[in-house]
Structures are given as C-alpha cells and as structure tokens.
Amino acid sequence: MRVSAWSEKLLAADIPPHIVKHLSVMTELNKQGRYERMTDDLFKLTGQTPTSMYNFVKLHAAEFTRDETAD
C-alpha cells in the first residue's frame with residue numbers, strides 16, 4: 001500500500017492530521033533506511049544484541065496484522 005493511500009485511510013478513521021503527517025514522514029524515512037542505525041550501547045548494558053526494526057516487525061508480523069474477523 002502506498003503511504004498516501006494509508007494516510008487517507010488514517011484520516012478517514014479520524015486520526016488527527018498532525019499525527020497522520022508525523023507517521024507518514026516517519027514511514028518515508030524508515031523506507032529510506034534512515035532509522036537503521038544501531039550502537040553497541042544495548043550490548044554493553046545487557047550483553048544482548050539489539051534487533052533491527054525490520055527484524056522485529058518480521059518476527060511479530062501477526063501482531064501488526066489486523067484480524068478482519070474481530071470487527
């Protein structure tokens with residue numbers, strides 16, 4: 001789905017325009033890879049390797065998918 005179509009759906013769902021704009025900009029920046037930065041801070045603090053946003057969403061895809069039967 002294009003960001004513009006997604007934004008229109010959010011606006012139709014009465015999401016305030018400033019929030020839709022913010023989410024749209026963040027989506028575009030994410031698509032450009034602008035949020036794919038990691039430091040070693042988490043590893044230094046916890047000893048665990050951080051998960052990228054892409055891998056997190058991939059691992060939790062079901063949680064980001066709307067259940068059409070729930071409505």
Side-chain angles (χ1 to χ4, degrees):
M1 177 182 295
R2 292 183 341 258
V3 173
S4 59
W6 178 64
S7 296
E8 290 170 14
K9 286 186 175 199
L10 292 175
L11 291 168
D14 292 326
I15 304 298
H18 70 281
I19 293 176
V20 174
K21 177 68 176 171
H22 175 72
L23 292 172
S24 297
V25 168
M26 291 194 66
T27 299
E28 288 297 336
L29 292 172
N30 192 37
K31 284 171 55 176
Q32 296 170 14
R34 303 269 300 273
Y35 289 110
E36 282 296 322
R37 294 176 281 216
M38 286 196 250
T39 67
D40 62 349
D41 293 345
L42 182 71
F43 185 78
K44 286 178 184 176
L45 291 170
T46 66
Q48 296 181 359
T49 305
T51 302
S52 70
M53 180 62 78
Y54 175 83
N55 285 333
F56 179 85
V57 172
K58 190 174 174 182
L59 288 170
H60 299 276
E63 297 168 49
F64 293 97
T65 304
R66 183 175 179 186
D67 182 2
E68 296 295 330
T69 62
D71 290 336

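- Between S4 atom OG and K9 atom NZ the span is 11.5 Å, to the nearest 0.5 Å.
- Contact record, P50 with T39: CG-O, 4.2 Å, taken as the closest heavy-atom pair.
- Of the inter-residue distances, the one linking I15 atom CD1 with S7 atom OG reads 11.0 Å to the nearest 0.5 angstrom.
- Taken to the nearest 0.5 Å, the CZ atom of R34 stands 11.5 Å off from the CE atom of M26.
- Closest heavy-atom contact between L42 and T49: CD2-C, 4.4 Å.
- Rounded to the nearest 0.5 Å, atoms OG1 (T27) and CZ (R2) are 14.0 Å apart.
- A heavy-atom distance below 4.5 Å is not found between the side chains of E28 and V25.
- Expressed to the nearest 0.5 Å, how far CD1 of I19 lies from CG of L11 amounts to 10.5 Å.
- Y54 and F56 end up in different hydrophobic clusters when Ile, Leu, Val, Met, Phe, Trp and Tyr side chains are linked at under 4.5 Å.
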Show your working on side-chain contact (heavy atoms from CB on, under 4.5 Å) between V57 and E63 and close with a plain yes or no. CA-CA 9 Å; V57 172; E63 297 168 49; over 6 Å; no
Determine whether L23 and W6 satisfy the following criterion, side-chain contact (heavy atoms from CB on, under 4.5 Å), listing intermediate values before the conclusion. CA-CA 10 Å; L23 292 172; W6 178 64; 3.7 Å; yes
